[in-house]
Amino acid sequence: MPEGHTLHRLAGALHHAFVGRQALVTSPQGRFVEGAALLNGRVVEGADAFGKHLFVHFAGEQVLNVHLGLIGSFDVLPHIGALPAPVGAVRVRMVNEQMYADLRGATLVQVISPEQVEATIARLGPDPLRVGTPGNDPERSLARLARTSRTVAECLMDQSIIAGVGNVYRAEVLFRHRIDPFVPGNKVKKKSWLAMWDDLVALLPYGVAFGQILTLDSQLEVAREALDGRDPAAYDPSWGGIMPGESGGFVRGDAARGVRFERDYYVYKRDGQPCLVCGSRIRTQLLAGRNLFWCGRCQRRH
DNA sequence: ACAGTATGGAGAT
DNA sequence: TCTCCCTACTGTG
């Protein structure tokens, strides 16, 4: 699941569930005992994300930094009555009076300083979900792009060029702009790259709001209707499901109002099936260790 | 019971 | 370009 939208949504959920209160932090699985001890009992000051990195800020300049990798998950849930026993390999569990959060399978879990947070962000390219953040300028990614002969498909997955894009958004945004995935970065037209950036800036907030990668225009249209005119980018990603209410108890915070979509894309995992635009077979190929999907007929632009 | 797969990334070769 | 790590779930025997 985890591309940038997942982490930003998760940051919002954790923020909403834990901010301003003490959290008990443990490692039921036992592989993060020392880190958990550093955080246990501290007040949570907030949570945010940059690219695929998640940061949970605790009092005393202690920051929990998580990267979910390919298979990680971080469930944020209410506990009514007894706290459920951990299921599976729960590396980190955060608990307050109402909510708990279980982290499993993350590729990176560490406690770092605010300075180290800045250093981590400095290593990342601009994040389409961070427009407005100082220094988060697509021109920076353009400069990197112009200096490499690696394919544009590889560049889109390079977190130091652009942060937050994963294998699904990469394949889909290339298709949406009819870009040949194998064009070298330094041969991609500025206009094409910036058009993809603008598209990601528009698309990713729908991923955050609905908790799903939405790239089909038909689905996005339904998503816009579900938001009833509200801008998904302006929507507080605090989201989701059941959350603590202002005056005790719980409220439903889901801006998407429970709307769910079929997992359906233009090209991702559609190899062998007809292109939704031209009907030719969608192709797939391993590129730098990841499966790339594209339409050989539609995607010829630079 | 095991093999294979997955929306990720680091480090060695 | 390979190898490994992280976990849950699916398919095969």
Side-chain angles (χ1 to χ4, degrees), chain A residues 1-11 27-33 35 49-55 64-75 77 86-93 101-110 112 116 119-125 127-129 148-151 153-176 181 196 200 203-216 219 260-272 282 284-294:
Chain A
M1 303 254 225
E3 297 195 24
H5 70 295
T6 305
L7 280 301
H8 282 75
R9 180 178 172 93
L10 183 53
S27 179
Q29 175 212 42
R31 291 179 55 174
F32 192 66
V33 173
F50 202 112
K52 296 171 188 169
H53 278 269
L54 174 70
F55 304 103
L64 176 65
N65 174 212
V66 172
H67 193 299
L68 292 179
L70 193 56
I71 58 178
S73 64
F74 209 162
D75 298 331
L77 299 162
V87 175
V90 177
R91 195 166 322 154
V92 182
R93 169 171 273 192
D102 282 352
L103 175 70
R104 298 179 183 83
T107 200
L108 171 74
V109 189
Q110 58 182 355
I112 62 177
Q116 289 172 300
T120 298
I121 293 172
R123 273 182 248 114
L124 298 171
D127 176 351
L129 279 170
T148 183
S149 57
R150 287 153 63 226
T151 63
E154 288 169 274
C155 291
L156 278 168
M157 294 266 297
D158 182 339
Q159 302 298 301
S160 70
I161 294 179
I162 180 169
V165 177
N167 205 16
V168 180
Y169 276 117
R170 142 173 101 171
E172 295 292 294
V173 79
L174 284 167
F175 178 85
R176 285 173 59 88
M196 285 196 288
L200 291 165
L203 289 178
L204 283 161
Y206 285 95
V208 177
F210 289 85
Q212 284 187 266
I213 295 176
L214 302 178
T215 64
L216 295 176
Q219 291 188 334
R260 302 296 298 169
F261 293 89
E262 283 290 304
R263 271 189 56 163
D264 201 3
Y265 309 106
Y266 288 112
V267 292
Y268 179 73
K269 281 235 167 128
R270 292 197 65 245
D271 48 309
I282 299 302
T284 185
Q285 180 185 314
L286 210 55
L287 176 68
R290 306 304 301 277
N291 290 314
L292 173 69
F293 303 87
W294 81 103

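The sequence lines fix the lettering, A, B, ..., with proteins before strands; numbering per chain opens at 1.
If you check dA6(B), dT7(C), dC6(C) against the side chain of K269(A), the one that comes closest is dA6(B). Taking the side chain of H5(A) as heavy atoms from C-beta on, and the options dT7(C), dG8(B), dT7(B), the nearest nucleotide is dT7(B). The side chain of Q159(A) has dG9(B) as its nearest neighbour among dG9(B), dG8(B), dA6(B).
Side chain T107(A) to base dG9(B): no donor-acceptor pair is found below 3.5 Å.
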Candidate pair L214(A) and F261(A), rule side-chain contact (heavy atoms from CB on, under 4.5 Å), full reasoning: CA-CA 8 Å; L214(A) 302 178; F261(A) 293 89; 3.6 Å; yes
Pair R150(A)-D158(A), side-chain contact (heavy atoms from CB on, under 4.5 Å): steps then yes or no: CA-CA 10 Å; R150(A) 287 153 63 226; D158(A) 182 339; 3.2 Å; yes
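Atom pair D271(A):CG and dT5(B):P shows a separation of 13 Å (rounding to whole Å applied). Atom P of nucleotide dG9(B) and atom CZ of R290(A) are separated by 8 Å, given to the nearest angstrom. Following rounding to the nearest Å, L174(A) (CG) and dT7(B) (C1') show an atom-to-atom distance of 15 Å.
The shortest distance between the side-chain N/O atoms of H67(A) and the OP1/OP2 oxygens of dG8(B) is not below 4.0 Å. Listed pair R104(A) / dA8(C) meets the phosphate criterion, a side-chain N or O lying under 4.0 Å from OP1 or OP2. Remark: Q29(A) is not in phosphate contact with dC6(C), judged by side-chain N or O atoms under 4.0 Å from OP1 or OP2. The side chain of N167(A) contributes no N or O atom lying less than 4.0 Å from OP1 or OP2 of dA6(B). Taking side-chain N and O atoms only, R31(A) has a distance below 4.0 Å to OP1 or OP2 of dT7(C). Checking the phosphate oxygens (OP1, OP2) of dT7(B), no side-chain nitrogen or oxygen of Y169(A) falls inside 4.0 Å.
Side-chain contact of E3(A) with T6(A): a donor-acceptor pair under 3.5 Å is absent, judged by distance alone.
Salt-bridge check for R104(A) with D75(A): passed, with a basic side-chain N closer than 4.0 Å to an acidic carboxylate O.
The residue R263(A) sits close to a base: some heavy atom pair falls under 4.0 Å.
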